[in-house]
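A short write-up of the structure that comes next.
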Amino acid sequence: MATINLSRRNFLRGAGVTAAAVAAAGMLSGCGPQSAGDGSDAPATETSTTTYEPAETMDVDIVVVGGGASGVAATVQAAELGANTLLLEKNSKCGGNGQLTEGMFALNSQMQKDQGTSNDVTFRQIISAEQEFFNYRINALLWKDMVEASGDDIDWMASHGVKFSGVIDNYHGLGKFDCFHWFEDGKGSNYIDPMVASAESLGATVMTETSALDLIIDNGQVKGLYAEKADGSILQVNAKAVILCSGGYAQNEEIMLERGWDLTYSTNNGIEGHDGDGLRMAISAGANDVSRERCFLREAYSYGIDFFATMSQTIHRGGPVLWVNEDAERYTNENCGHFVPQCVGNAVHTQNASYQIMSQEIIDYFVQANDYPELTADLDEAAEACPGENFYKADTIAELAEKQGLDATTLQATVERYNELCDKGEDDDFDKESEFLIPVKTGPFYIMRQDMAFWTSIGGIDSNRKMEVITAKGEPIPGLYSAGTDCCNLYRETYTMSIPASCNANNCYSGRTAAKNAYETCVK
Ligand SMILES: Cc1cc2nc3c(=O)[nH]c(=O)nc-3n(C[C@H](O)[C@H](O)[C@H](O)COP(=O)(O)OP(=O)(O)OC[C@H]3O[C@@H](n4cnc5c(N)ncnc54)[C@H](O)[C@@H]3O)c2cc1C
C-alpha cells in the first residue's frame with residue numbers, strides 16, 4: 001500500500017492557507033473560475049505549495065477519492081450518467097469501513113413494500129425524533145432529502161447487485177424504528193463488492209493503492225488532483241470535478257489531538273486509511289471546517305483488554321454500574337446511553353477522567369442478564385494484565401481507590417451514598433431508573449478507566465444540499481464535492497442511532513447526489 005505520511009506540518013500547511021483560500025473563494029457557484037474575492041481581478045491564490053513531477057497524466061470527467069461506502073455509490077452513479085469516471089482508493093482493496101457496515105436505513109423500499117411494512121414509519125416521526133434531540137440545530141431538509149430518497153436508493157443498490165438478507169428491524173433494539181435493512185450475512189462486502197463490479201462494468205476506472213495527495217486548483221476552481229501510486233510515482237488527474245469520499249480523520253493522531261482527542265489509550269475499530277486527507281484537501285481549497293461541531297461513532301472501552309468483543313461493549317454502555325470521575329465523585333445517570341448509545345461517550349467526556357466500578361452484585365446482574373458465566377474470569381484476567389494502568393481488582397473500596405490513584409475517603413463516601421440510593425430504590429441524585437440501582441456492597445470490586453474507541457469521525461467538510469463543498473460564507477467551491485462521513489451534516493455532536501443506519505443511507509444518498517450534481521454542473 002502506498003503510505004502517505006500526513007505530517008502535522010502538512011496538515012497545518014493546509015489549515016494555514018485557509019484564510020487566504022476562504023478569502024480567495026469567489027461568489028460563483030458551479031464550475032466557473034473565481035476571482036480573488038478582494039475586489040480585484042487577480043486570480044485566486046494557489047493553495048498547494050508542493051511541486052509534483054507527474055510520471056503520468058489522466059483526463060477524466062469526475063474523480064472520486066475513496067472507494068468506501070459513499071465513494072462506490074458516487075462512482076456507480078457518475079458512470080451510469082455517462083461520465084468518464086475514475087475512482088482512487090489508497091488501500092489495496094476498495095471498501096474502507098463500508099466493508100464493516102452491516103446494513104442501511106430506508107423508508108419505503110421495495111423490500112418493505114413486499115413485506116407490507118412500508119407505511120409503518122413516517123418521515124414526520126423520524127424528523128421530530130432527530131430535531132428534538134438536537135435542539136433544532138440540524139438542517140431538517142438534509143434529513144428530508146435523504147429519507148425521501150432512501151427507498152429508491154436501496155432499490156437502486158439492489159439493481160446493481162447489492163445483496164440484502166431481507167430482514168428489516170431496529171438493529172438490536174438500539175434504533176427507534178424498524179428500518180434497518182440488513183446486508184446478506186450482515187456483511188458490508190455484499191454492498192461494496194457488487195458496486196465496484198458494477199462501476200467497472202459501466203466503464204469507470206478503479207485504481208487501488210493510489211492515494212490522492214493534493215488538489216489542483218486553478219483560479220479558484222478545482223481542476224483535478226495529484227495522487228501517489230504504489231510505486232511512489234505521481235499521477236496527475238485532470239478532472240472537471242473532484243468528489244471527496246475519504247471517510248474522515250479518526251486515525252490521524254495529529255488532527256485528533258488538535259481537536260482535543262488524545263488517542264494514547266484509544267483504539268480504532270475501522271479499516272486503516274482514515275487519515276483526514278479529504279478534510280485537509282478541502283481546507284486547502286477554502287472549505288469551511290466544521291469538524292469541531294460534528295461527531296464520532298465512538299464507544300467507551302478498556303484499553304488493551306481482550307474481552308471487548310463479547311461483554312465489554314455491554315458493560316461500558318452503562319446501566320447497573322457506578323461511574324465516578326477523577327475526584328471519585330459520581331457525576332451522571334450511568335444509564336445515559338439508553339436513548340442514544342453514543343450519549344455514553346458524551347457523558348464520559350464531560351469529565352477529565354471517568355472510572356467504572358463493579359461489585360459482586362453488579363457482576364451477578366450482568367452474568368444473569370447476558371447469560372455470560374465467564375465474566376468473573378474475564379475480569380480477573382483483565383485486572384491481572386492492567387495494560388494501561390486502567391483496570392484493578394480489590395477486596396475493599398479503599399484498596400480500589402488506592403490502586404487507581406483516587407481519593408479513598410471521597411470514593412468511600414460516593415459508594416455509601418450510591419448504596420443508600422440503591423437501598424431506597426430511588427436515584428435522588430441523577431434519576432437513574434430503579435431497575436439499574438444495583439449496590440456496590442460485596443467484593444471483590446473492580447475499577448476500570450473508561451477509555452475511548454473512536455470508530456470513525458462523522459462530518460467535518462461543510463457542504464450544501466447538492467453536496468457541493470462550501471466556504472464559511474456558504475459559497476460553493478467550483479468543481480469540489482464531498483460525500484459520506486467526510487461531509488455528513490445530518491448530526492451535530494452526537495451520532496444518533498434512533499434512525500438505525502442513517503449514516504450508511506447518507507453515504508449512498510450523498511454519493512449519488514454529489515455525482516448527479518457534479519455531472520449536471522461540471523460535465524454535461
Ligand atoms: C466498524 C464500523 C461499522 C459500521 N457499521 C455501520 C452500519 O452498519 N450502518 C451504518 O449506517 N453505519 C455504520 N458505520 C458508520 C459509517 O457508515 C461507515 O464508517 C462508512 O464506511 C462510511 O463511509 P465512507 O464512504 O464515508 O468511508 P469509508 O467507507 O471508510 O471509505 C473511505 C475510503 O477512502 C479511502 N481513502 C482515504 N483517504 C484516501 C486518499 N487520500 N486517496 C484515496 N483513497 C482514500 C479509505 O481507504 C477508505 O477506503 C460503521 C463504521 C464502522 C467503523
Side-chain angles (χ1 to χ4, degrees), residues 1-4 6 63-75 86-106 146 150 171-172 174-175 179-183 186-188 191-192 195-196 206-215 225-229 235 237 242-252 267-281 295-299 453-461 482-488 490-491 495-497 499-511 514:
M1 194 191 103
T3 50
I4 302 303
L6 177 75
V63 56
V64 178
V65 176
S70 58
V72 295
T75 306
L86 170 66
L87 171 63
L88 300 181
E89 167 53 52
K90 72 156 62 164
N91 284 333
S92 57
K93 185 178 179 304
C94 283
N97 287 337
Q99 299 166 65
L100 306 177
T101 64
E102 297 165 294
M104 189 173 283
F105 159 87
M146 185 277 281
S150 61
Y171 191 64
H172 305 297
L174 296 177
C179 296
F180 188 96
H181 293 56
W182 286 86
F183 296 130
K187 286 189 177 158
Y191 167 28
I192 301 294
M195 290 289 276
V196 173
V206 178
M207 295 177 76
T208 55
E209 297 188 278
T210 308
S211 185
L213 298 177
D214 256 322
L215 296 173
L225 51 76
Y226 297 104
E228 183 173 335
K229 296 176 75 171
L235 167 69
V237 181
V242 175
I243 306 178
L244 300 172
C245 303
S246 76
Y249 58 87
Q251 289 164 333
N252 186 306
T267 190
N268 186 292
N269 291 10
I271 301 282
E272 66 172 13
H274 299 83
D275 306 316
D277 296 351
L279 179 62
R280 176 180 54 79
M281 285 188 267
C295 57
F296 295 92
L297 175 49
R298 61 181 174 178
E299 294 274 349
F454 288 95
W455 294 30
T456 180
S457 59
I458 304 182
I461 301 172
S482 184
T485 50
D486 260 356
C487 76
C488 179
L490 287 182
Y491 327 98
Y495 174 44
T496 52
M497 285 191 190
I499 320 302
S502 52
C503 192
N504 227 359
N506 187 63
N507 294 333
C508 177
Y509 172 74
S510 58

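Indexing begins at 1, ligand by ligand and atom by atom, following the structure's order.
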Check: Would you say K90 and ligand 1 have an N/O pair spaced under 3.5 Å apart?
Finding: yes

Next item on the list: Give yes if a backbone or side-chain nitrogen or oxygen of S70 is under 3.5 Å from a nitrogen or oxygen of ligand 1, and no if not.
Entry: yes

Margin query: Just so I know, are the side chains of M146 and L490 near enough to count as touching, which here means a heavy-atom distance under 4.5 Å?
Written below: yes

Item checked: Closest approach of T456 to G247 (non-hydrogen atoms, all atoms of both residues) -> OG1-O, 3.7 Å

Any idea which part of [X] is under 4.0 Å from ligand 1, heavy-atom wise: side chain, backbone, both or neither?
X: N507; answer: side chain
X: A501; answer: both
X: D275; answer: neither
X: T485; answer: both
X: Q99; answer: neither
X: F296; answer: neither

Next item on the list: Check step by step if side chain to side chain donor-acceptor pair (under 3.5 Å) holds for E102 and Y171.
Entry: CA-CA 9 Å; E102 297 165 294; Y171 191 64; 2.5 Å; yes

Check: Out of G68, A250, G71, who gets a non-hydrogen atom closest to atom 31 (O) of ligand 1?
Finding: G68

Notebook entry, point to check: Counting heavy atoms only, which of M497, R280, M281, E89 is nearest atom 49 (O) of ligand 1?
Noted result: E89

Notebook entry, point to check: For the atom pair CG (L225) and CG (L244), what is the distance rounded to the nearest 0.5 Å?
Noted result: 8.5 Å

Give the residue, atom name and distance (to 0.1 Å) of the protein heavy atom nearest [atom].
atom: atom 21 (O) of ligand 1; answer: G98 N, 2.8 Å
atom: atom 50 (C) of ligand 1; answer: L297 CD2, 3.8 Å
atom: atom 27 (O) of ligand 1; answer: G247 CA, 3.4 Å

Checklist line | Salt bridge D275-R280, side-chain N to carboxylate O under 4.0 Å | finding: no

